[in-house]
Amino acid sequence: MANLSEQKRFEPSQAEPRIMEAWLESGLFHAPASGTAAQNYSIAIPPPNVTGALHMGHALNGSIQDVLIRYHRMRGTNTEWILGTDHAGIATQTQVEKRLVEEGSSREGLGRDAFVERVWEWRREYGGTIIEQFARLGASCDYGRERFTLDEGYERAVRQVFCDLYAEGAIYRDNYMVNWDPGSRSAISDLEVEEREVTDTLYSIAYPLADGDGEVVVATVRPETMLADTAVAVNPSDERFSGLVGRRVIVPLTGREVEVIADDYVKTDFGTGALKITPGHDPNDFEIGRRHGLEELTAIGEDGRMTELAGEFAGLTVAEAQGEVVEALRAQGLLRAEEPYPHTVPFSHRSGERIEPLISLQWFMRMDELAPPAIDAVRDGRVRIHPESQARRYTDWLENIRPWCISRQLWWGHRLPVWYRGEETWVGMGEPEGEGWVQEEDVLDTWFSSALWPFATLGWPDQTPEMKAFYPTDVLSTARDILFLWVARMVMMGLRFTGDVPFSDVYVHPVIQAPDGRRMSKSLGTGIDPIDEIDAHGADAVRFGLLAMASTQDVRYSRERVEQGEALATKLFNASRFVLLNVKSGAPAELPPAESMSVEDRWICSRLQRVVQETGERIEAFEFSRAAFGLYDFVYGELCDWYLEMVKGREFDRELSATLLHVLRTTLAMAHPFIPFVTEELWDSTPGTEGLLAGAAWPQVDDARLDPEAEERIEAVIGAVTELRSWRSSAKVAPSKVLGAKIDSPRLDSDRGMVLRLARLDEDGFEGEVTAAIPVPGGTIEITAGDAVDLEAQEREMTERRRRLEGEIARAEGKLANEGFTSKAPPELVGAEREKLERLRDELAAL
RNA sequence: GGGCGCGUAGCUCAGCGGGAGAGCGCUCGCUUCACACGCGAGAGGUCGCAGGUUCGAACCCUGCCGCGCCCACCA
């Protein structure tokens, strides 16, 4: 460590890499796979995308998890933070494809095997980046046990789960309506779809009756899909159409005759009351079609272009086809109305393209048997969600869960363990015996493998020592947006395959928004790179800042909070310097017995006990913001502003040295989970420490050191000094000027020396006319200031004081005169109010 | 359309039934022998609006206004 007497602040850039290395070498981050999960503490990190870069959410979540991990490790628990990355199917494939296009190549040009090999290369080159970025934060993950959702063991777990679920019929293949993403050319799940507000045109189109006896007018925003219409539907109770049900109409442009059917889904008060039914291209129509056994036609292909069914429109894009269809209808005089129509439309979360609902042959997973146990686990408290309000979102979603489309038409991911040969289908851990088997081309939705994360990372399906030691994990800390995508699915899979919940607590952390309140996003240009912030302010500062921001709600990124953290690190550094440069060498490692300690020593120890206790409780209650501020307040307020100042008048003997060192060591240990680097650095220079702080014990709370008497006395001293300083400042007394004083307060009697020194007063100099009498706890202090005081300012100050006191007295009197208050409020409160009134009157009299 | 949350000092946020708080910013003062990335002292708020409950409301209830997020199959 650099020379303490010269360095005036902690230098993160030179200290952090060195300290991180020491931590890594120590092996402290690696927990032996011994003991049981009940004894041990473990967290599985939400695996970041392997191609990703650290964003603010990661930084916040990393800070939160590291506080928990470091705290429990210091508590002496065998603690493991399971690390790894996610192969992130679509995101990664897109990124590599983009690179290929830049090179003038393409996925198709390369072919599947070469492409996948190319992605692995990419992963080898860039996959370590985000892990290194986590390390910059000081995250104490087990870097030696890093897992990847596509590594060999993991793949085995995925296959096992797939095969088991297939065997029991929960996984099946079906022609079904899916969200087709023309951007990634793949089906995606409901959760990957986002609704956006769009203004389309609502067209009213006349469908002539087949017998020539009139027409039915339907309303649609997608006229091009009429080419695949197979019915027109009306509400059975709609009298306007009562005679029509069962009759046939002609779908214009196609000449196809379809039936008018009755279905409750159709609203009578919307549009024209008649609905064209396109089972092939609309999710609702699909449901209606299945209910009525309608034919499912396809006019739009997976390439987003019209199929042969579209006749003259075949080959056009959907948008082009819409225009042409409308023109053709207009030409035939069948277009009855067009009006602008704002509504919400599904878009792909990944590619940003408009979803094309299509019927397609996909693999699905039934959720109706997996969901109820996962609901129960939260209801009966085996999984606790914090904050509690999120639990309802979780259960609501699970209660309305629908089949999950798990196949993706991608190349990067877990290829389904399914083989076909003619009409035969084989599902198993490996390729079947015999010739001619062809493996399914599709891969699994990335979230399918992520759902196994807490146990697949520990060697499941084998009963490994790691499984025994760390499963179930303790806490899962994550952002709100993946409560369904990931958390709920982990609970379901965990219960189904291990028989146990994957974690006992879910902490849903806030979202950090951009300073202007918008979403932090790269595309909006609103992102702030945590690594830049670490470079500028240090990892401790960023951690503290993020934790301080992380109250229960969403919050705008506040650079000030980070700077507050930076200031805390500097403050702690300088306070430590003060202690370390002044203590006597060879001071005892033990705290002196309370009987031989001065009142301020007993006070700071007492306060320290309380803050240690509180900090631990707040960490365990996931109240990180309160914990961080509590720590800050203690260090700045009680420790530096008061205790160290009080101590300055004293000789640094062995006892004081021992006390100072004890207080320093305890403070460093307590602060370590929040600001690990600076505390580790200082720990190294502090006598009486051994080894790394990261491996040291969390401070023992010792009730015997609680000292209400000392707390009351020092409270009085602080109160008096504050009053005196305030008076000095408003009376414009030069800060360095020592004034004469006479203390008249029994409460301050034993501690008069401290009061005098901190307020720059001197009892021997008390002579001449009394300039002011300052009310202090327990009495007054008279001051003789001679001409050192600005009399006018002093008089103004006194008048102002009197005015304020009179106001407060009036208020207290009013309150006590209110019979409702004296008779109904708790007696101790009324008593306190009476005492207060008396005290205020005394103070006024003293003035 | 439903659900959740938020509107408190110039800014970002705590507080959630008994005398309005923090950080930053602002003003005044201070080279006080750890720290000027510091220290001390201040200014600044009808706690979104309107009702209600209560002896007492920023805090509980109702309504309204504004903002955000999530869920949802009216073409």
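Below, chain A is the first sequence line, B the second, and so on; all start at residue 1. Since the model is a prediction, treat every value here as computed from it, not as a measurement.
- Counting any heavy atom pair closer than 4.0 Å across all strands shown, Tyr636(A) reaches sugar-phosphate atoms only and no base atom.
- With hydrogens and angles ignored, no donor-acceptor pair closer than 3.5 Å exists between the side chain of Glu797(A) and the base of A41(B).
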Query raised in the report: Could you run down nucleotides 68-75 of chain B 5' to 3' and tag each one B, S or - for protein heavy-atom contact under 4.0 Å?
Result: -SSS-BBB
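- Of the P atoms belonging to C6(B) and U46(B), the separation is 23 Å, rounded to the nearest Å.
- Nucleic acid contact class of Arg839(A) (heavy atoms, under 4.0 Å, all strands): base.
- Of the N and O atoms on the side chains of Glu192(A) and His349(A), not one donor lies less than 3.5 Å from an acceptor on the other residue.
- Among the heavy atoms of the strands lying under 4.0 Å from Glu808(A) is at least one base atom, whether or not backbone atoms are also near.
- Among the heavy atoms of the strands, none lies under 4.0 Å from Glu833(A).
- Figure legend: cation-pi geometry between Lys571(A) and Tyr632(A) absent, as NZ or CZ is not positioned both under 6.0 Å from the six-membered ring centre and within 45° of its axis.
- Among the heavy atoms of the strands, none lies under 4.0 Å from Pro515(A).
- Side chain Arg392(A) to base G5(B): no donor-acceptor pair is found below 3.5 Å.
- Separation of the P atoms belonging to G2(B) and C60(B) is 24 Å when rounded to the nearest angstrom.
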**Report entry** Base-contact (B) and sugar-phosphate-only (S) positions in nucleotides 24-33 of chain B, heavy-atom cut-off under 4.0 Å, - elsewhere
**Finding:** S----SS-S-
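- Of the C1' atoms belonging to G38(B) and G44(B), the separation is 24 Å, rounded to the nearest Å.
- Taking only side-chain nitrogens and oxygens, Lys8(A) never comes nearer than 4.0 Å to OP1 or OP2 of G38(B).
- Around the CZ atom of Arg291(A), the shell of radius 6.0 Å holds more than 12 heavy atoms that belong to other residues, nucleotides or ligands.
- Within the 4.0 angstrom heavy-atom criterion, no nucleotide atom of any strand lies near Asp396(A).
- Residue Lys836(A) places a side-chain atom within donor-acceptor reach of the base of G19(B), judged by atom type and a 3.5 Å distance cut-off alone.
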